[in-house]
Student: 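This is the structure I want to talk about, given as structure tokens.
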2 protein chains.
Amino acid sequence: MFMSKILIVDDERDIVELLSYNLEKEGFSIVKAYDGVSVFNVIATKKPDLMILDLMLPGMNGLDVCKKVRANPATAGLPVIMLTAKGEELDKIIGLEIGADDYMTKPFSVKELIARVRTILRRSQDKPETKLTEAFHYKGLAINYASCAVKIDSKPVTLSPMELKLLFFLSRNPGRVYSRNQLLDHVWGDDTFITDRAVDVHIRRLRSQIEKDMENPRYILTIRGFGYKFADTK
Amino acid sequence: MFMSKILIVDDERDIVELLSYNLEKEGFSIVKAYDGVSVFNVIATKKPDLMILDLMLPGMNGLDVCKKVRANPATAGLPVIMLTAKGEELDKIIGLEIGADDYMTKPFSVKELIARVRTILRRSQDKPETKLTEAFHYKGLAINYASCAVKIDSKPVTLSPMELKLLFFLSRNPGRVYSRNQLLDHVWGDDTFITDRAVDVHIRRLRSQIEKDMENPRYILTIRGFGYKFADTK
DNA sequence: TCCATCTGTCATCAAACTGTAACATTGACT
DNA sequence: AGTCAATGTTACAGTTTGATGACAGATGGA
């Protein structure tokens with residue numbers, strides 16, 4: 001099995017070196033870029049299998065880079081791991097909406113980054129076509145992922161950031177049951193340290209916004225002993 | 001749900017006591033070691049689920065302990081949280097050379113340490129991202145493992161957690177007979193201590209939900225003297 | 001700065017679940 | 001048929017789980 005080629009994009013040379021040293025040690029081959037403008041050239045010529053992208057870049061914002069990569073059909077399938085500084089909470093949402101496959105907040109563990117690179121590569125090899133839907137509709141609940149808009153029976157609902165993320169994640173995998181821990185991993189991210197009971201509370205808050213009958217939820221269902229899921233849409 | 005066992009390694013007894021008191025209060029069980037040499041014995045005999053390791057130790061440096069733990073395949077997967085004094089070379093600890101899963105600098109907040117312990121355990125426990133079959137169908141019984149949904153002739157059935165687990169396990173190994181004790185091990189887990197007759201009761205409950213004719217079960221069959229099995233699907 | 005919102009934790013409560021024990025039934029074998 | 005062991009059935013009490021409301025710290029904007 002041949003080893004994947006990874007593109008690292010960051011203006012901080014130290015970080016690029018740190019990552020490329022470690023990833024090379026793991027057998028990956030590395031391509032580098034230090035600003036947002038040259039990225040596209042590199043992608044076109046070197047054809048990397050995965051891109052690690054810093055959010056703050058000279059020339060062009062990381063988000064814009066990601067958008068543009070996604071917009072081009074030739075590169076739309078390129079897996080992206082976004083690097084962000086801590087506290088860019090909102091950007092996390094946007095980053096995922098834009099179509100980053102994962103993100104990590106600085107400072108991060110190199111070991112973990114490598115682990116994620118592996119995971120994402122494995123995933124992208126399994127599922128060649130990951131197309132992100134823009135919108136979702138089910139029984140009067142309308143979700144527009146791109147604009148972060150949620151409506152119940154055509155009436156707009158305002159959700160807090162966490163509620164949005166939770167709803168996005170669950171609705172994107174309808175019918176699938178997730179344990180609290182899995183939700184913590186996927187929705188909150190690995191760098192948070194909170195109790196799994198917090199999930200209950202957010203589920204409840206989300207429900208109170210979108211469910212009419214809290215006793216008999218239509219969208220967010222509880223599977224006792226297992227976790228939660230979005231209703232089976234089939 | 002069983003609680004994890006945590007090994008605390010530090011030569012400062014005060015710290016060990018502080019941590020073990022607080023972690024025990026959270027429901028973890030604790031094992032202690034006060035020097036680097038005895039650690040390996042303790043790991044081998046007590047099988048902790050996570051190790052909290054001080055960097056400065058008599059006998060053997062914390063880094064070396066960590067390295068050695070990683071070098072041994074039997075213990076390589078043991079999550080490690082490293083305790084360090086401020087200003088030590090953190091890069092080496094995290095990810096690069098050693099492979100600690102996380103670190104905290106002294107003085108640290110006990111609360112935060114507990115939070116990290118939880119997170120790391122969550123991550124290491126959730127690992128089975130195995131690709132199991134998602135669905136199963138046999139003689140009018142439909143099981144969707146991912147969504148925890150069971151249907152009889154297209155009609156949804158609600159099962160309790162244990163019933164679900166039992167059905168999942170048996171149906172994933174159709175035709176194969178399991179004794180009550182084997183079922184206890186596989187379905188309940190190795191660390192439960194209940195009467196094997198409890199299995200009967202659950203089998204009964206499960207049957208009453210999915211079998212039409214309790215006298216002549218179609219799915220869950222009794223093999224007198226041996227145990228139970230899911231019907232042979234071939 | 002103050003105020004509103006958001007988040008995570010906790011204590012509490014009701015409902016659902018689970019294990020046990022006692023009793024009933026079945027099946028194998030004499 | 002009679003006997004014994006294995007299995008089925010039922011009721012019950014203790015435990016677990018998820019829902020809920022309140023609260024304090026954090027965050028961000030005006």
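Chain naming here is simple, since letters A, B, ... match the order of the sequence lines and numbering starts at 1 in each.
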Student: Counting only side-chain N and O atoms of B/R197, is one of them less than 4.0 Å from OP1 or OP2 of D/dG8?
Tutor: no
Student: Rounded to the Å, how far apart are A/L159 CG and C/dC6 C1'?
Tutor: 13 Å
Student: Of the residues in residues 199-206 of chain B, which ones touch DNA chain D at a heavy-atom distance under 4.0 Å?
Tutor: B/D200, B/V201, B/R204, B/R205
Student: Whole Å only: how far is the CD atom of B/E163 from the P atom of D/dT16?
Tutor: 18 Å
Student: Do A/M51 and A/P79 make a side-chain contact, defined as non-hydrogen atoms from C-beta onward lying under 4.5 Å apart?
Tutor: no
Student: If we only count heavy atoms from C-beta on, is the B/L53 to B/C66 side-chain gap below 4.5 Å?
Tutor: yes
Student: For a quick test of reading the model: is some side-chain N or O of A/W188 closer than 4.0 Å to OP1 or OP2 of C/dT7?
Tutor: no
Student: Do the side-chain N or O atoms of B/Y228 get closer than 4.0 angstrom to the phosphate oxygens (OP1, OP2) of D/dA6?
Tutor: no
Student: Not counting sequence neighbours, which residues clear side-chain hydrogen bond (donor to acceptor under 3.5 Å, both in side chains) with B/T192? List them please.
Tutor: none
Student: Expressed in angstrom and rounded to an integer, what is the separation of B/L166 atom CG from C/dC17 atom P?
Tutor: 15 Å
Student: Would you mind reporting whether A/V150 and A/L141 have side-chain heavy atoms less than 4.5 Å apart?
Tutor: yes
Student: Within residues 213-226 of chain A, find the residues that approach DNA chain D with a heavy atom at under 4.0 Å, and present them sorted by residue number.
Tutor: A/M214, A/T222, A/R224, A/G225
Student: Just jot down the side-chain hydrogen bond (donor to acceptor under 3.5 Å, both in side chains) partners of B/R197, sequence neighbours excluded, or say none.
Tutor: B/D200
Student: Taking atom types as modelled and ignoring hydrogens, do the side chains of B/R180 and B/Y228 form a donor-acceptor contact shorter than 3.5 angstrom?
Tutor: yes
Student: Using the C1' atoms of the five pairs at each end, what is the angle between the end axes of the helix from C/dT1-D/dA30 to C/dT30-D/dA1, to 10°?
Tutor: 30°
Student: Using atom CD1 of B/I114 as one end and atom C1' of C/dT9 as the other, report the distance to the nearest whole Å.
Tutor: 13 Å
Student: When the nearest nucleotide of DNA chain D is assigned to B/G227 and to A/G227 on a heavy-atom basis, which residue is associated with the more 5' position?
Tutor: B/G227
Student: Between P on D/dG18 and CG on A/L183, what's the gap in Å once rounded to a whole number?
Tutor: 12 Å
Student: Distance check needed: D/dT16 C1' versus A/D196 CG, whole Å only.
Tutor: 14 Å
Student: For a quick test of reading the model: is some side-chain N or O of A/T195 closer than 4.0 Å to OP1 or OP2 of C/dT9?
Tutor: yes
Student: Is the A/F168-A/F230 ring centre distance short of 6.0 angstrom?
Tutor: no
Student: Restricting to non-hydrogen atoms, name the atom on B/L23 and the atom on B/I8 that form the minimum distance, rounded to 0.1 Å.
Tutor: CD1-CD1, 4.2 Å
Student: Just the rounded figure in Å: distance from P of D/dG14 to CD1 of B/I194.
Tutor: 18 Å
Student: Suppose we screen for side-chain hydrogen bond (donor to acceptor under 3.5 Å, both in side chains). Which residues come up paired with A/D153, at least two apart in sequence or across chains?
Tutor: A/K212
